[in-house]
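Remarks on the structure that follows.
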Amino acid sequence: MFTQVRLLRHKLHTMSLHMSRIMRPDDANVAGRVHGGTALRMIEEAGVIASTRHCNSQPGHENCVSALVRVERTDFLSPMLIGEVAHVSASVTYTAHHSLEVQAVVTAENLLNGNKRLTNKASLWYVPLSVKSPDKVLPVPPMLYGCKEEEEEGRIRYETQKHDRSQQQQCPSFIFSPTTDPEMHTVACSQSSLIHLVGPSDCAIHGFVQGGVTMKLMDEVAGIVAVRHCKSNVVTACVDAMNFHRKLKLGTLLSVTGRLTFTSQRSMEVEVAVEADTLVDRVIGNGSTMVAENTEGSQRFCAVSAYFTLISLSSDGKPKPVPQLKLETEDEKKRFEEGKARYLQSKAKREAQKGSA
């Protein structure tokens, strides 16, 4: 009995993680509100630690590092400010044969009065990759559930995300086309992109980019697009579920592109896609001694895409009306209607949740 209790305590320890960090000026925008991408990166860092710790908890198990494959829709419930402490709690909540779910919660603490408030909730899915052979997916050690209902609820979440991922195999890549003197409030006027070369500080020990790095870059581009459109401060309200279609290696050149797809009275939907040029295809060494080599030439592919919803804020931090998007092409009109459908579906879901509360 004592051995079982000790084993349970060990399992609970390996499945949970708590980390804290004070928010600095370089984490925030000019208005002092922490970037959504900063929160996303902290969530993913906690998730990869919790999942990797669990996957290496079984004696004799081949050493592995968890890789992010999916993030469910993430809502930003409250803005975080410079000087506040972000507390991230992450726990493994379900294990399948080759993947596992981590649920994370973020709270912000005001150090002056001790008040805390919930800012984010997120569900992330990982797969364990062998340290020796990074393309090899290893089995996941099973977790101990508190009850059968908990396991069944996790299984339903697993089947749901598996179905959703199968429906989203295509990564909707698009080309950034600069336009000379575009009309205000058009897609061409606000579309933006940035280029990022993946360095050692962006990678985990297996030489692949951490998912939080990619999400932070995507949030930055979404914010630039939104600011260009409304000419005001903005905050990220939510991010739709995103699937990571390919692993990104050290030395990869990332092209992160964003464009407006839909505007409501007070929100903007921005589609962001990450395309990658594989400048190298082999990494030699470990840690700080990693060296990248290219043996087959550049390979361009779309790695991940997602829809970001942002809110325009006035100088006193209140939501303000958003300039309506001017549509110029049939493709833009089609994407606008698709964005409107997502907006109405999300709105109906929020209202249903309020009604059941």
Side-chain angles (χ1 to χ4, degrees), residues 12-13 15-51 53 71-93 102-124 201 210-224 226-227 230 232-240 266-268 270 308-322 346 349-351 353-354 357:
L12 291 174
H13 172 70
M15 289 192 298
S16 301
L17 176 80
H18 303 277
M19 52 191 293
S20 302
R21 183 165 74 80
I22 193 166
M23 295 293 97
R24 305 182 300 268
D26 57 345
D27 294 315
N29 59 24
V30 293
R33 295 172 182 266
V34 173
H35 289 294
T38 301
L40 290 172
R41 183 166 184 175
M42 288 190 297
I43 289 170
E44 203 279 325
E45 285 177 352
V48 75
I49 294 171
S51 57
R53 179 183 288 171
V71 182
E72 303 294 350
R73 175 187 168 96
T74 304
D75 292 305
F76 292 78
L77 308 174
S78 176
M80 199 176 297
L81 307 176
I82 294 174
E84 292 185 323
V85 176
H87 300 282
V88 185
S89 298
S91 301
V92 176
T93 49
V102 175
Q103 293 190 11
V105 175
V106 184
T107 57
E109 177 187 3
N110 185 319
L111 289 176
L112 301 181
N113 55 31
N115 290 339
K116 294 183 179 180
R117 68 186 185 283
L118 180 66
T119 62
N120 299 86
K121 287 183 178 180
S123 294
L124 309 95
S201 63
Q210 299 179 65
V213 172
T214 307
M215 290 192 288
K216 189 174 188 298
L217 291 171
M218 295 173 74
D219 181 76
E220 289 178 6
V221 168
I224 293 170
V227 169
C230 63
S232 68
N233 183 37
V234 300
V235 291
T236 305
C238 71
V239 184
D240 274 5
R266 294 183 180 276
S267 66
M268 297 160 281
V270 180
F308 288 69
T309 299
L310 299 99
I311 306 296
S312 175
L313 298 179
S314 62
S315 57
D316 58 356
K318 303 290 185 181
K320 58 180 292 189
V322 172
S346 177
K349 185 177 180 180
R350 289 196 306 269
E351 292 175 350
Q353 291 174 342
K354 289 180 181 178

The side-chain contact (heavy atoms from CB on, under 4.5 Å) partners of Ile311 (sequence neighbours excluded) come to Val235, Ala237, Ser267, Leu313, Pro319
Value for CG (Leu111) from CD (Glu84), rounded to nearest 0.5 Å, stands at 8.5 Å
Thr74 and Lys121, any side-chain heavy atoms less than 4.5 Å apart:
no
Nearest heavy-atom contact between His18 and Ser89 is ND1-OG, 2.9 Å
CZ (Arg73) and OG1 (Thr309) are apart, to the nearest 0.5 Å, by 6.5 Å
Distance only, no hydrogens: is a donor on one side chain within 3.5 Å (strictly under) of an acceptor on the other, for His87 and Glu109?
yes
Nearest heavy-atom contact between Gly36 and Asp219 is N-OD2, 3.4 Å
Minimal heavy-atom distance between Thr236 and Phe76, with the atoms involved, is O-CB, 3.3 Å
Task: Side chain Arg117, main chain Pro79, donor-acceptor under 3.5 Å - done: yes
**Asked** Between Ser123 and Gln103, does a side chain to side chain contact (heavy atoms under 4.5 Å, CB included) hold up when you go through it step by step?
**Response** CA-CA 4 Å; Ser123 294; Gln103 293 190 11; 3.7 Å; yes
Between the OG atom in Ser312 and the NZ atom in Lys320, the distance rounded to the nearest 0.5 Å is 5.0 Å
Tightest non-hydrogen contact, residues Met215 and Phe308, listed as O-CZ, 4.4 Å
*Beyond-backbone contact of Thr107 with Thr119, side-chain heavy atoms, under 4.5 angstrom*: no
Exercise. Can you find a heavy atom in the side chain of His35 that is under 4.5 Å from one in the side chain of Leu40?
Worked result: no
Side chains of Val270 and Leu310, heavy atoms from C-beta outward: is any pair under 4.5 Å? yes
For Asp27, does its backbone N or O pair with a side-chain atom of Thr38 as donor and acceptor, under 3.5 Å?
-> yes
Taken to the nearest 0.5 Å, the spacing of Leu77 CG from Asn120 CG works out to 6.5 Å
* To do: Give a yes or no answer on whether the side chain of Asn29 reaches the backbone of Arg33 with a donor-acceptor pair at less than 3.5 Å.
  => yes
CG of Asp316 to CG of Asn233, rounded to nearest 0.5 Å, is 11.0 Å
Between Met23 and Ala86, the two heavy atoms sitting closest are CE-CB, 3.8 Å
Heavy-atom closest pair (Arg41 atom, Ser201 atom, distance to 0.1 Å) is NH2-O, 4.1 Å
